[in-house]
Q: 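Pasting a structure below so you can have a look.
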Amino acid sequence: MVPILASFSLLLISALFIVADCGSIGVNYGRIANNLPSATKVVELLKSHGLNRVKVYDTDPAVLHALSGSGIKVTVDLPNEQLFAAAKSTSFANSWVQRNVAAYYPHTEIEAIAVGNEVFVDPHNTTKFLVPAMKNIHQALVKSNLHSDIKISSPIALSALQNSYPSSAGSFRPELIEPVFKPMLNFLRQTGSFLMVNAYPFFAYESNTDVISLDYALFRENPGVVDAGNGLRYFSLFDAQIDAVFAAMSALKYDDIRLVVTETGWPSKGDENEIGASVENAAAYNGNLVRRILTGGGTPLRPKADLTVYLFALFNENNKVGPTSERNYGLFYPTEEKVYDIPFTVEGLKNYHDRRSPVAGNQPVNGGKGGVSKSTTGNTWCVANGEAGKEKLQAALDFACGEGGADCHPIQPGATCYDPNTLEAHASFAFNSYYQKNGRHMGTCYFGGAAYVVTQPPKYGDCEFPTGY
C-alpha cells in the first residue's frame, strides 16, 4: 500500500464539516461510586451534551427505566460472574433476556449486549464459557424475535494480542485462537455483529514515555510513524492499536467484521509514577479523539471503517480500587460539572481548540529514536507469576531462552544472576529480557499467565534487571 502522507492538519480541517458516513461517540456510564446523581439526572446530562449512545456494566432497572423514551441507544452487560450460568443453562439465558432486555425494549433502545467484559484477564478463568454464553444469549434473543435489532459481542482488552507492534504484525495470543477467537469471530460473522475492543493508548505511553511521543499519543500534529510491514503512516497511537486488532482478525481471514471501541480514555490525575496523567492531557486526548471520530474516515489500514467509540468514563468513580488514575477517568465530576471542556458533537467541534500549555514536555526523552531510558521513571519490568505453577513457569522459561531469543547468559551457573538459584528468579530474568527486547509492547509479558508487568525494579539477590537493549 502507498503511505498516507497528506498533511495531518489539512485532513482534519477539510473533514471537519463532513458529517455523512462518519463515526459515532458514546460514553461508558460506570457507577462504582457513592456520590453519583440519580439515573434520571444522568439521562438529562447525556441529552444536554448531545451524547446519544451509552454503555452500562449491568442491567440496573433504575438506569434502564430512566433511559426509556430518551432516544439514547444503550449497550448493556451480562457480568462475568454470570457467564457460567449463561453458558450452561438455556433457561437461564432465556430468563435473563426476558427480564433484562425484552422487558425494556423498544422504549429503552437497547442495541447491543456485551457478554462479559475483558474475560481473558478475569482471574476467575471464565474464558471457556464465553462463546457458549454468547450463543445461548443469542438464541434467547431469537426466541423473543429481537436478534435482528440487538447485537451480541464481548469487549476484549488489547492484552488479548500476542503482537501489537508494528500494527501490520498484529496477532491474537496463540492459546486463544482455536478455543475462543475463531468460534467467536465466526459467531460475529454469522450474526452480523462486531468485535468490541477496549483500547487505552495511555497505558502504552505511560510505560514507554522515552520512545512514544506525547503528541502521537494525543492526536496532535506530528511527523507520523511508518509501519515497515505495510508502508502506512500512522499519526496516532490509537489508530495504530486499532489496526493491530484489524490485522489480527485479517490473519485469521475475518476481514469483514466491524469493530467498535467499547472503552478508551485518559486519566486527568494519577500517582507520581503514572506519567502523563493530567487534566490537560486528558482533555487533549478525548477532545482530539472526538474530532478524529466525528469528522469521518477510518484507520490507515481500514480507511472506510467508520468507528463507534465509547469514552471512558462519564464520571470520576470514588469507590474504584487501584492507582489514583482509576478514580479519575471521568468527563464529569459527580456534581455534573465538566472535569475539562470538550465537545461531543459535530456542532460543538466548530469552536473547539486543543489548548496545549506552553510548557515543554511533549516529546519523548530521547526524541523517540529508540532505546529505553535507564531512569526508573515510567519504566516497567516483566516478572514471573509464582502462582502459575512450576510446569507452566518452566515451559515459559524454556521458550524465552530458546526461540524467544531472551538473553539468558546471566542466569547460567557462575554468572551474575544465577543466584538466587530458583525457578521464579530465573524465569523473571528471562521474561524481562524477552519483554525489554520486544520493546515492552502489549502482550509480550504474558507467557500464558506465567508473567505480569511491574513498575518497580525487581529484587532477586544482587541481580540487576535491564530496562532496554
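Everything numeric in this text was worked out from a predicted model, so none of it was measured. In what follows, residues are counted from 1 in the order of the sequence shown. All heavy atoms count here, side chains included; hydrogens, waters and symmetry mates do not.
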Q: Can the ring centroids of Tyr460 and His426 be said to lie less than 6.0 angstrom from one another?
A: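 Ring centres of His426 and Tyr460 not closer than 6.0 Å.
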
Q: Under a 3.5 Å cutoff, is there a donor and acceptor pairing between the side chains of Asn117 and Asn80?
A: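 No, no side-chain donor-acceptor contact under 3.5 Å.
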
Q: Ignoring hydrogens and geometry beyond distance, is a side-chain donor-acceptor pair present between Asn208 and Tyr205 at under 3.5 Å?
A: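 The criterion, which ignores hydrogens and geometry beyond distance, is not satisfied for Tyr205 and Asn208.
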
Q: Would you say the ring centroid of Phe447 lies under 6.0 angstrom from that of Tyr434?
A: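 Between Tyr434 and Phe447, which both carry aromatic rings, the centre distance is below 6.0 Å.
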
Q: With no hydrogens and no angle check, just 3.5 Å: does a side-chain donor-acceptor pair link Asn318 and Arg327?
A: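 On atom types as modelled, these side chains do not qualify, holding no pair under 3.5 Å.
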
Q: Does the side-chain hydrogen bond (donor to acceptor under 3.5 Å, both in side chains) test come out yes or no for Asn421 and Tyr418, once each step is laid out?
A: CA-CA 6 Å; Asn421 180 21; Tyr418 180 69; 2.9 Å; yes

Q: Output, in order, the C-alpha distance, side-chain angles, deciding distance and verdict of side-chain hydrogen bond (donor to acceptor under 3.5 Å, both in side chains) for Tyr234 and Thr299.
A: CA-CA 9 Å; Tyr234 286 85; Thr299 63; over 6 Å; no

Q: So which pairs with a foot in residues 152-178 pass ring-ring contact (aromatic ring centres under 6.0 Å, His included), sequence neighbours left out?
A: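 Non-adjacent pairs meeting ring-ring contact (aromatic ring centres under 6.0 Å, His included): Tyr165-His441, Phe172-Phe181.
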
Q: Check this for me: Lys338, atom NZ, are more than 12 non-hydrogen atoms of other residues, nucleotides or ligands nearer than 6.0 Å?
A: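 Yes.
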
Q: So, the side chain of Thr264 versus the backbone of Ala199: is there a donor-acceptor pair under 3.5 Å, distance only?
A: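 Yes.
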
Q: Show the nearest heavy-atom pair for residues Phe194 and Ser153, with the distance to one decimal.
A: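 Nearest pair, atom of Phe194 first, then Ser153: O-OG, 2.6 Å.
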
Q: I'd like to know whether Arg31 forms a salt bridge (Lys or Arg N to Asp or Glu O under 4.0 Å) with Asp60, so could you lay out the CA-CA distance, the side-chain angles of the two residues, the decisive distance to 0.1 Å, and finally the verdict.
A: CA-CA 10 Å; Arg31 303 195 319 285; Asp60 185 273; 3.5 Å; yes

Q: Just checking Lys269: does its NZ atom have more than 12 heavy atoms from other residues, nucleotides or ligands closer to it than 6.0 angstrom?
A: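 No, not enclosed.
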
Q: Assess whether salt bridge (Lys or Arg N to Asp or Glu O under 4.0 Å) is satisfied between Lys128 and Glu175, documenting all intermediate values.
A: CA-CA 12 Å; Lys128 62 186 174 185; Glu175 73 276 14; over 6 Å; no

Q: Do Ser250 and Asp255 have side-chain N/O donor and acceptor atoms under 3.5 Å apart?
A: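 Note: Ser250 and Asp255 side chains meet the donor-acceptor criterion.
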
Q: Give the intermediate values and the outcome of salt bridge (Lys or Arg N to Asp or Glu O under 4.0 Å) for residues Arg302 and Asp243.
A: CA-CA 8 Å; Arg302 298 277 182 89; Asp243 271 358; over 6 Å; no

Q: Check the side chains of Ser433 and Asp407 for a donor-acceptor pair under 3.5 angstrom, ignoring hydrogens and angles.
A: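 No, because no side-chain N or O of Asp407 sits under 3.5 Å from a partner of the opposite role on Ser433.
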
Q: Using side-chain heavy atoms (C-beta onward) and a distance below 4.5 Å, is Pro155 in contact with Glu263?
A: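 No; the side chains remain at least 4.5 Å from each other.
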
Q: When the aromatic ring centroids of Phe202 and Trp266 are compared, is their separation below 6.0 Å?
A: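 Yes, ring centres under 6.0 Å apart.
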
Q: Might you confirm whether atom CG of Asp462 has over 12 heavy atoms from other residues, nucleotides or ligands at distances under 6.0 Å?
A: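 No, because the 6.0 Å sphere around CG of Asp462 holds 12 heavy atoms or fewer from other groups.
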
Q: For the residue pair Asn222 and Ser213, confirm or rule out a side-chain donor-acceptor distance under 3.5 Å.
A: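 There is no such pair (donor and acceptor under 3.5 Å, judged by atom type) between the side chains of Asn222 and Ser213.
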
Q: Looking just at side-chain N and O atoms, do Tyr329 and Ser268 make a donor-acceptor pair shorter than 3.5 Å?
A: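 The answer is no; no qualifying pair exists.
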
Q: Looking only at the side chains, is there a donor atom on one of Thr335 and Glu337 sitting less than 3.5 Å from an acceptor on the other?
A: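 A pair is found: one side chain offers a donor N or O, the other an acceptor, under 3.5 Å apart.
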
Q: Could you check whether Ser171 and Asn163, counting side-chain N and O atoms only, form a donor-acceptor pair closer than 3.5 Å?
A: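 The answer is yes; a qualifying pair exists.
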
Q: Would you please indicate yes or no on a ring centroid separation below 6.0 angstrom for Tyr216 and Phe235?
A: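 Not close enough - the centres of the two rings lie 6.0 Å or further apart.
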
Q: With the side chain counted from C-beta on, respond yes when Leu259 and Val245 share a heavy-atom pair under 4.5 Å apart, and no when they do not.
A: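 Leu259 vs Val245: side chains touch.
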
Q: Can you tell me if Thr59 and Asn100 form a side-chain donor-acceptor pair at under 3.5 Å?
A: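 Thr59 vs Asn100: donor-acceptor pair found between side chains.
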
Q: Side chains of Arg53 and Ser24 only: does a donor on one sit below 3.5 Å from an acceptor on the other?
A: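 Arg53 vs Ser24: donor-acceptor pair found between side chains.
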
Q: Going by ring-ring contact (aromatic ring centres under 6.0 Å, His included), name the residues that satisfy it together with Tyr310, two or more places apart in sequence or in a different chain.
A: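 In terms of ring-ring contact (aromatic ring centres under 6.0 Å, His included), with neighbours along the sequence ignored, Tyr310 is linked to no residue.
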
Q: Nearest 0.5 angstrom please: Phe203 CZ to Leu237 CG, how far?
A: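 The CG atom of Leu237 is 12.5 Å from CZ of Phe203, to the nearest 0.5 Å.
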
Q: Does CD belonging to Gln412 count more than 12 external heavy atoms closer than 6.0 Å?
A: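 Buried by this count: over 12 neighbours within 6.0 Å.
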
Q: Between Glu274 and Glu206, does the side chain to side chain contact (heavy atoms under 4.5 Å, CB included) criterion hold? Intermediate values first, please.
A: CA-CA 6 Å; Glu274 294 188 286; Glu206 172 202 26; 3.5 Å; yes

Q: Among side-chain atoms of Asn136 and Thr90, is any donor-acceptor pair under 3.5 angstrom?
A: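 Asn136 vs Thr90: no donor-acceptor pair found between side chains.
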
Q: Can you confirm whether the side chains of Tyr57 and Asn28 place a donor and an acceptor under 3.5 Å from each other?
A: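 Result is yes, a qualifying pair exists.
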
